[in-house]
There are 2 protein chains.
Amino acid sequence: MTATPAPSPGAAAPGDFLRLDEQICFSLNAASRAFGGVYRVLLKDLGLTYPQYLVMLVLWEHGELPVKKVGEHLRLDSGTLSPLLKRLEAAGLVRRERSARDERSVQVGLTEEGAALRERALDVPRRIAAATGADLEEIRALRARLDLLTEALDRAALSGPALSEAPGCT
Amino acid sequence: MTATPAPSPGAAAPGDFLRLDEQICFSLNAASRAFGGVYRVLLKDLGLTYPQYLVMLVLWEHGELPVKKVGEHLRLDSGTLSPLLKRLEAAGLVRRERSARDERSVQVGLTEEGAALRERALDVPRRIAAATGADLEEIRALRARLDLLTEALDRAALSGPALSEAPGCT
DNA sequence: CGCAATTCAGTTGTGCACAACTCAATTGCT
DNA sequence: AGCAATTGAGTTGTGCACAACTGAATTGCG
C-alpha cells in the first residue's frame, strides 16, 4: 500500500462531490478547446489565431478603438493584448498609434489589408455553426445561459475574498 | 478616411453573421476564463493551478495510471502533461516511474502528500457551485449540452478537412 | 499652482495548449 | 527471426492568459 488509491468505498458523498466537480468547469473547458480546434483549421487560411480573429471582429465592427476598449470587448488586459496586437501589426493587419489627445492611449485601427480580410472571413461563422450541428435557437439559449454564468462568476470573484473564507455568507 | 471603419450600414446580413459568430464560441471562452479566475482563488491555498487540479482529481478517483490514460480523461496530450506532471512531481504530490511491463509507459501515482491533499480539496466543489449561483439541475443540463457540442465539434474536426473546403458535403 | 492618486500601455515571468518533432520500446507481419 | 509500422513519453517552439510590475501621462484635490 504505497499510496491508497481508493480511500474508502463507503465514503460515497465526498467522492461524488469531487466527481461532480468535473461537471461544468471541465465540460466548459473541453468545449472551449474543441472550438479552438475547429477555429484553428478554419482560420489557418486567413493566417489568424482564434484570439486574433476576435480582435479583428471587434475592429471590423467598431473601427478604430483604443487598446483599452478592445480589451473591454474581449475581457482581455494589456498583458495579453499588447503582444497580440504587435503580431497583428507585424502581419500588416492593424495599425497602432498614440492618441494625440491622450498620450497614454494607443489607437488601434485596421490597415487596408486588415479591412480587406473581412471579406474572406465572412463565411467562417456559417462553417462554425455547421460544425456544431446545433440550430440557431439552441445556440442562442446556450449562449444566454453561459453569459449568466459568467456574470455570476465575475460577481463571486469580485466580492470573492469571502469565496476563500467562511461559507456562511448567506 | 484611412481605413473605412463602418463598411456600410446597409450591409446588415453579413455584418450580423460576424457578430452572431461571437455567440457561443466567445461566450464559452469567457465563461471558461471566468471559471479559471474563481478556481485560481480557491486553489491558491492548495498550491494548485486548475489544470493541475484536474490531474489530481483523476488520480484521486482512479489511483495510479499511465500518462496516456490521464491524457484520455482530460483530453490532453503529452506535450501538455509532461511538463505539468513534472511540476506536480517537483511539488511532491505525484510520483512517476517507468512501467516494468512496458518500458515506453510511465505510471503516475500519488505520493502520501498528494493523497492527503484530497481532504483539503473536498469543499472546493461546493464553493464553486455557490459561485455559479446555479442549482444542480441547471448545471446538469448545461453540462449535457456542452458535452454534445464538444462531441459534434470533435467529429467535425476529424472528418473536417471537408470543413475548410466546399460546404456542399451533405 | 503643485503634488498625490489614478489611468493606460507595455514588460516580465509562470503556466497551459497544441503542433511538430525525436527516440526508444513494442507490435505485427512475413 | 527480422524488419517496418505503430505507440508512448518527452522536447521544442509559438501563442495565449494572467499576475505583478514599470513608467509615463493625466486627473483631481487642496
Side-chain angles (χ1 to χ4, degrees), chain A residues 25-26 28-41 43-44 47-56 65-72 74-91 94 96-108 154 157, chain B residues 25-26 28-41 43-44 47-56 65-72 74-91 94 96-108 154 157:
Chain A
C25 58
F26 177 65
L28 209 64
N29 209 311
S32 184
R33 283 188 286 131
F35 260 112
V38 174
Y39 272 106
R40 207 184 322 281
V41 175
L43 295 175
K44 197 170 188 176
L48 294 174
T49 65
Y50 175 60
Q52 290 168 4
Y53 171 68
L54 290 182
V55 168
M56 295 304 286
L65 286 175
V67 173
K68 186 76 192 311
K69 287 288 180 191
V70 176
E72 283 172 9
L74 301 178
R75 313 175 134 266
L76 292 172
D77 65 7
S78 69
T80 300
L81 283 176
S82 285
L84 192 158
L85 289 171
K86 205 182 287 186
R87 281 186 286 270
L88 285 179
E89 188 178 40
V94 309
R96 288 189 304 162
E97 51 194 42
R98 291 265 159 204
S99 164
R101 179 180 299 278
D102 183 344
E103 285 286 339
R104 290 171 304 180
S105 175
V106 168
Q107 295 287 319
V108 183
D154 280 351
Chain B
C25 59
F26 178 65
L28 209 64
N29 210 312
S32 184
R33 283 189 286 132
F35 261 111
V38 175
Y39 272 105
R40 206 183 322 282
V41 175
L43 295 176
K44 197 169 188 176
L48 293 175
T49 65
Y50 175 61
Q52 288 168 5
Y53 171 68
L54 290 182
V55 168
M56 295 304 287
L65 286 175
V67 172
K68 187 75 191 310
K69 287 289 180 191
V70 176
E72 283 171 10
L74 300 178
R75 315 174 132 268
L76 292 172
D77 65 6
S78 69
T80 300
L81 283 176
S82 285
L84 192 158
L85 289 170
K86 205 182 288 187
R87 282 187 286 271
L88 284 178
E89 187 178 39
V94 309
R96 287 189 304 162
E97 51 193 43
R98 291 265 159 204
S99 163
R101 179 179 300 278
D102 184 343
E103 285 286 339
R104 291 171 305 180
S105 175
V106 167
Q107 295 286 319
V108 183
D154 280 351

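Letters go in sequence order (proteins before strands), and every chain restarts at 1.
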Quick check against the 3.5 Å criterion: does [X] have a side-chain atom that pairs as donor or acceptor with the backbone of [Y]?
X	Y	answer
B:N29	B:S32	no
A:R98	A:E103	yes
A:S78	A:L81	no
A:Q52	A:T49	yes
B:R33	A:L76	no

Starting at atom [atom1] of [X], determine the distance to atom [atom2] of [N], rounded to an integer number of angstrom.
X	N	atom1	atom2	answer
A:L76	D:dC18	CG	P	7 Å
B:L65	D:dG8	CG	C1'	15 Å
A:E103	C:dG10	CD	C1'	15 Å
B:L43	C:dT14	CG	P	20 Å
B:L48	C:dG15	CG	C1'	13 Å
B:L81	D:dG10	CG	P	9 Å
A:K68	C:dT7	NZ	P	8 Å
A:R101	D:dT27	CZ	P	10 Å

Nearest-nucleotide 5' precedence on DNA chain D, B:R33 against B:P66: B:P66

Let me know, please, whether A:L85 or B:P83 comes out on the 5' side of the other along DNA chain C by nearest nucleotide.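 Per heavy-atom nearest nucleotide, the more 5' residue is A:L85.
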
Could you tell me whether B:E89 and B:K86 make a salt bridge, using a distance below 4.0 angstrom between a side-chain N and a carboxylate O? no

Taking C:dA25, D:dA17, C:dG10 as options, the one with an atom nearest any side-chain atom of A:P51 is D:dA17

Of C:dG15, D:dG15, D:dA9, the nucleotide closest to the side chain of B:V67 is D:dA9

Phosphate-side-chain proximity, [X] and [N], N/O vs OP1/OP2 below 4.0 Å:
X	N	answer
B:R98	D:dA9	no
B:R96	D:dG10	yes
A:S105	D:dA25	no

Locate the shortest heavy-atom distance separating B:L43 from B:Y50; write the atom from each residue and the value.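 Closest approach of B:L43 to B:Y50: CD1-CA, 3.8 Å.
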
Identify whether any heavy atom of A:S82 sits under 4.0 Å from a base atom; if not, whether one sits that close to sugar-phosphate; answer base, sugar-phosphate or nothing.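 If one applies the 4.0 Å heavy-atom cut-off, A:S82 turns out to touch a base.
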
So B:K86, base contact, sugar-phosphate only, or nothing? Heavy-atom distance under 4.0 Å.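 Since only primed, P, OP1 and OP2 atoms lie under 4.0 Å of B:K86, the category is sugar-phosphate.
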
When you check every protein heavy atom under 4.0 Å of nucleotides 19-24 of chain C, what one-letter string (B, S, -) results, 5' to 3'? S-----

